[in-house]
Amino acid sequence: MTSSTIAKNSVVTLHYKLTLDDGSVADSSFGGDPLAYLHGHGNLVPGLERQLQGKKAGDKLDAIVPAAEGYGEYDPQGDQTLPRSAFPPDVEIQEGMGFHTEDDKGNPIPLWVKAVDTKGKQITITSNHPLAGQRLNFTIEILSLRAATKEELSHGHVHGPGGHHH
Ligand code: ZN
């Protein structure tokens with residue numbers, strides 16, 4: 001395989017900035033460590049991976065990703081309000097916190113705290129990602145590309161700088 005353009009199993013190192021439609025910056029790596037990811041393994045939202053396909057080191061691009069190809073449309077059925085007593089008493093529950101529960105097969109299900117009603121002692125949790133329903137506006141600068149190692153392919157993620165350390 002060629003490593004000159006981004007394809008499945010490329011290890012891509014890039015800088016990114018994620019801006020929401022209201023102009024707020026949700027996340028950015030510029031000025032910090034770049035992100036390294038393994039292309040074609042679902043490590044980025046689908047709409048961004050698709051737009052990075054075929055790009056090369058040195059490319060800069062703006063990628064606009066609709067919610068459906070980002071963190072999904074907002075599903076109101078994913079919201080659930082529970083009494084505070086359903087949560088561990090020694091954990092401070094804050095809006096925006098993420099945690100995992102398990103389905104009946106033991107698979108992890110990500111959940112987030114949507115709202116905390118301290119007066120009514122109720123917590124609203126949601127299966128919607130905090131950026132669900134949002135259009136994602138990425139500014140991308142691709143720094144480098146290389147082929148993944150066998151070990152990285154078997155793990156499905158990048159090792160070393162910008163990736164996993166284990
Ligand atoms: Zn690994």
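Because the structure is predicted, anything quoted here is derived from the model rather than measured. Order of appearance sets the numbers: ligands from 1, and atoms from 1 within every ligand.
The closest side-chain heavy-atom distance from I140 to K60 is not below 4.5 Å.
Between H159 and H164, a ring centre-to-centre spacing not shorter than 6.0 Å is recorded. Ring centroids of H41 and H155 are separated by 6.0 Å or more, keeping the two rings apart.
In this structure, NE2 of H157 and NE2 of H159 enclose an angle of 110° at the Zn ion (ligand 1), rounded to 10°. Of the angles at the Zn ion (ligand 1), the one spanning ND1 of H155 and NE2 of H166 is 120° when given to 10°.
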Table please: side-chain donor-acceptor pairs of residues 29-38 below 3.5 Å, with sequence neighbours left out.
unit_1, atom_1, unit_2, atom_2, d
S29, OG, H15, ND1, 2.8
S29, OG, Y16, N, 2.9
Y37, OH, H39, ND1, 2.8

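For the Zn ion (ligand 1), the set of nearby N, O or S atoms under 2.8 Å includes none belonging to H164.
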